[in-house]
Every structure is written in C-alpha cells, then in structure tokens.
Amino acid sequence: REGGLPPLIYLLGYPDPNIQEHAVVTLRNLSVNADNKVMIVGEGALPPLINLLRSPYERIQEHAVVTIRNLSLNSENEVMIVQEGGLPPL
C-alpha cells in the first residue's frame with residue numbers, strides 16, 4: 001500500500017507510450033479516492049500529468065485530463081493545478 005506512487009509517477013515520463021498509458025490509467029483509477037487525491041499531488045504527479053496533456057496520443061491525453069479533473073475536486077489540489085500551469089494545456 002505504501003511507496004507505490006513514486007515509481008508510478010516516474011512511469012508517466014517513460015519514453016514508451018504504452019507504459020505511460022498504463023501508468024496514467026492506474027493514477028486515474030486511484031484518483032477517485034479522496035485520500036489518494038492528496039497523496040498523488042503530494043508525491044509530485046502534477047507536472048508529469050500536465051506534460052501528458054501534450055502527448056501526441058489522444059488516449060493518453062484523455063486519461064491525463066480525467067485524472068487532473070479527479071484531482072481538482074480537492075480545493076487545495078485545484079490551486080496547485082493552476083500554480084503548476086495546468087490550465088493553458090486544458
């Protein structure tokens with residue numbers, strides 16, 4: 001249960017788009033839980049998620065958008081998304 005987020009977040013930037021997609025889908029699924037929302041952002045997932053919004057692969061973009069939307073349901077995360085530059089690519 002603990003320690004799984006950093007490697008998963010690392011995989012968001014992996015050069016293989018299949019790995020990126022699996023990682024972002026996993027984070028998307030985890031991001032529906034209120035406690036996970038805080039932990040995901042706290043572990044530094046926003047910059048790589050925001051980078052995925054510019055992916056040439058539409059499916060990866062979709063999963064990143066939904067993940068960021070899920071994270072934004074927490075008001076503190078909402079502020080962090082704006083601070084990290086998440087609005088322009090949306």
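Throughout, numbering of the chain's residues begins at 1 and tracks the sequence.
- Minimum interatomic distance between Leu49 and Ala64 (heavy atoms only, all atoms of both residues): O-CB, 3.8 Å.
- With hydrogens and angles disregarded, no donor-acceptor distance shorter than 3.5 Å links the side chain of Glu84 to the backbone of Pro47.
- Under the 4.5 Å side-chain heavy-atom criterion for ILVMFWY residues, a single connected hydrophobic cluster contains both Val65 and Leu52.
- Cluster membership for Val41 and Leu5, using ILVMFWY side-chain heavy atoms within less than 4.5 angstrom, is shared.
- Residues Tyr57 and Leu12 share a single hydrophobic cluster, defined by chaining ILVMFWY side chains whose heavy atoms lie under 4.5 Å apart.
- When all heavy atoms of Arg54 and Ile50 are compared, the closest pair comes out as NH1-O, 3.8 Å.
- The closest donor-acceptor contact from the side chain of Gln61 to the backbone of Ser55 lies under 3.5 Å.
- The closest donor-acceptor contact from the side chain of Lys37 to the backbone of Leu71 lies at 3.5 Å or more, if one exists at all.
- A 4.5 Å side-chain heavy-atom check between Leu46 and Met80 finds at least one atom pair inside the cut-off.
- Residues Thr67 and Leu30 have side chains not in contact (no heavy-atom distance under 4.5 Å, counting atoms from C-beta outward).
- Leu73 and Ile81 end up in different hydrophobic clusters when Ile, Leu, Val, Met, Phe, Trp and Tyr side chains are linked at under 4.5 Å.
- Hydrophobic cluster membership is shared by Leu53 and Val24, with clusters built from Ile, Leu, Val, Met, Phe, Trp and Tyr side chains linked at under 4.5 angstrom.
- The two atoms that bring Arg28 and Asn70 nearest to each other are O-ND2, 3.6 Å, heavy atoms only.
- Nearest heavy-atom pair, Asp35 versus Asn33, reported as atom, atom and distance to 0.1 Å: N-OD1, 2.9 Å.
- Minimum heavy-atom separation, Ile9 to Gly44: CG2-O, 4.0 Å.
- Within a 6.0 Å sphere centred on CD of Glu43, other residues, nucleotides and ligands contribute more than 12 heavy atoms.
- In this structure, Asn77 contributes its side chain and Ser72 its backbone to no donor-acceptor pair below 3.5 Å.
- When side chains are defined from C-beta on, Gln20 does not count as touching Leu11, because their heavy atoms never get closer than 4.5 Å.
- Within the 4.5 Å cutoff, no side-chain heavy atoms of His63 are placed close to those of Ile60.
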